[in-house]
Amino acid sequence: MKAGLLEQYNMEQRKSFSRSTSSSGLRPRRESSNSSRSSSSSRPRTGGASSGTSRSYSSSRQKTDATSAPRAFSSRPPLGRTFNASRGGSSRGSGKRGPRKGQHIDISRFINKTVITEEAVVFTPEHLFKDFIIDERLKANILTKGYNEPTPIQDRVIPHILHGHDLVGIANTGTGKTAAFLIPLINKVLANPKEKVIVMAPTRELAQQIEMELKGFVKGFKIFSVCCVGGAAIGRQISDLRYQHNFIIGTPGRIKDLIERKCINLADFKSVVLDEADRMLDMGFIHDMRYMLALMPKERHTLFFSATLSPEIGALIKDFLKEPVMVSVKTQDTSKNVEQDVVKIKSGEDKLEVLHDLLIQPEFKKVLIFGRTKHGVEKLAVALGKKGFKAQSIHGDKNQGQRQRALDTFKKGMAQILVATDVAARGLDIAGVSHVINFDIPETYDDYVHRIGRTGRAGQKGKALTFI
Ligand code: ADP
Ligand code: MG
């Protein structure tokens, strides 16, 4: 069964490989460990081949559990019906995402009750962290951080990045992409303390999260970073940039601002990472991204990470990467270890009441609720507060301090509920989210996948409910 799955996986890999090749006109170098691996048949090693494998970092088998179905929600809609999610007044920063609006989403795609009963294929990495040719001190820090073995994307991209190849890494959310680029880049900086790296991410929280992960890895080293994000005082960032730093991690808007103020000189940076490149495009950062890449030295090391590979990403890759290695460990379009269902709101029924009845159940311990607009999210958080729930909110109308505090409170378990917009929650890694509730239907299936990807992380099970 494993071998069968693996074959299927490899087929998919090849398909997506040739697709991306032809659509972008690239001649990507073949990812060697994929094609020439002799041990493939006996050692299934892909996270993507089966349910949740990419998330099971430990080598223990996921237990079968057919009994965990939640209480029956109101009757399912007929499968196959399509829902037109189009509506006006997008909350997403400025509605630059025109083409994605109004996608027809098949409601049956919000339901997935059976998957948890599947048995996960154990992922056996080809490398252990100790096998990588990296500084021993860095290895020690990785272990201290509790990472015992690489995730599939780490397993496959780290050797290439260590070789200095340009690379495109495609993998689902929650699969450890951050460490996949940070580890080899930190190693580069350890070898040459003058080395400078710039990492661009679509949202402030994500940039901060990347910096946190970096700080964990560089404990005790003389490696410094500056986090350049909007919403935080620029004066502080400007003065931090005057000190020695090896990493700049930030959002495109603020980085561009700092370049224009001559606080950042991109000519000094020989390595660049675009994290969540697809979402940066969606958020309208394409011009900023092109502007910045054009300012960088021609001889540089360029890495792209993304959950999807669109023609637009293909065009960027073609223009800015040199013979990139393409690594994809993405085969499932849904987080398969998330149990999914819909909650049908009957006419005359109050959505808020239905939500209330769910939230009072003991298993709804750490709940992330998605709303469509900033205003709606705020209103919902206040309404829940009035009903006695500990609810925080995170959206673009809040300043950085407020967003960070809300997130921290939720992360630490001091609030049961975090209400968020899609953009604010993008890429966030919050441990132990028990439920994701789509109070408003997501605009696109991509958004849906990203939303529910906030639960069921790191091999844990999660549940997602969509109000329809
Ligand atoms: P992505 O960027 O792909 O969405 P992240 O880099 O945010 O994923 O990682 C998801 C979670 O997995 C984080 O909590 C991270 O600490 C954890 N993680 C990453 N790599 C490993 C590893 N090798 N072993 C254990 N946990 C890991
Ligand atoms: Mg990430």
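In what follows, residues are counted from 1 in the order of the sequence shown. Model, not experiment: these values are computed from the prediction. Start at 1 and go down the list; that is how both ligands and their atoms are numbered.
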**Fill in**
Numbered in order shown, the ligand 1 atoms found under 4.0 Å of a heavy atom of T178 are 2 (O), 5 (P), 6 (O), 7 (O)
**Request:** Take every heavy atom of F129, measure it against each atom of ligand 1, and state whether any distance is under 4.0 Å.
**Result:** yes
**Prompt:** So, do L241 and C228 sit near enough that their side-chain heavy atoms are less than 4.5 Å apart?
**Reply:** yes
**Fill in**
Test salt bridge (Lys or Arg N to Asp or Glu O under 4.0 Å), reference K374, set D397, D440, D422, output is D397
**Prompt:** Hey, does E276 come in under 3.5 Å of ligand 1, counting only N/O atoms on both sides?
**Reply:** no
**Asked** Which is it for R279 and D447 under the salt bridge (Lys or Arg N to Asp or Glu O under 4.0 Å) test, yes or no, and what are the steps along the way?
**Response** CA-CA 10 Å; R279 182 52 55 135; D447 285 342; 2.7 Å; yes
**Request:** Would you mind listing which atoms of ligand 1 come within a distance below 4.0 Å of any non-hydrogen atom of E149?
**Result:** 22 (C), 23 (N), 24 (N)
**Heteroatom distance test (N148, ligand 1): nitrogen or oxygen, under 3.5 angstrom** = no
**Item:** N/O separation below 3.5 Å, K145 to ligand 1
**Value:** no
**Complete:** Note: ligand 1 atoms sitting under 4.0 Å from heavy atoms of T151 are 20 (N), 21 (C), 22 (C), 23 (N)
**Message:** Does any N or O of ligand 1 fall below 3.5 Å from an N or O anywhere on G176, backbone included?
**Reply:** yes
**Message:** Counting only nitrogen or oxygen atoms and a 3.5 angstrom limit, does Q209 reach ligand 1?
**Reply:** no
**Message:** Could you check whether atom NZ of K270 has more than 12 heavy atoms from other residues, nucleotides or ligands sitting under 6.0 Å from it?
**Reply:** no
**Option of least heavy-atom distance to atom 3 (O) of ligand 1 (set: K177, Q154, M212)** = K177
**Test item, I142 contacting ligand 1 (heavy atom, 4.0 angstrom)** = no
**Request:** For the pair F217 and Y147, name the ring-plane relationship: parallel under 30°, tilted 30 to 60°, perpendicular over 60°.
**Result:** perpendicular
**Request:** Provide the number and element of each atom of ligand 1 under 4.0 Å from a heavy atom of N172.
**Result:** 3 (O)
**Prompt:** N/O to N/O below 3.5 Å, does that happen between G174 and ligand 1?
**Reply:** yes
**Asked** Does the side chain of K219 pick up a donor-acceptor pair with the side chain of T144 at under 3.5 Å?
**Response** no
**Prompt:** Just checking, is any N or O donor in the side chain of K215 or S225 under 3.5 Å from an acceptor N or O on the other one?
**Reply:** no
**Prompt:** Among V168, V329, L303, V327, whose side-chain contact (heavy atoms from CB on, under 4.5 Å) with V157 holds?
**Reply:** V327
**Message:** Within the 4.0 Å heavy-atom shell around T175, which atoms of ligand 1 are there?
**Reply:** 1 (P), 3 (O), 8 (O)
**Message:** Using a 6.0 Å cut-off, check whether atom NE2 of H245 has over 12 heavy atoms from anything other than its own residue.
**Reply:** yes
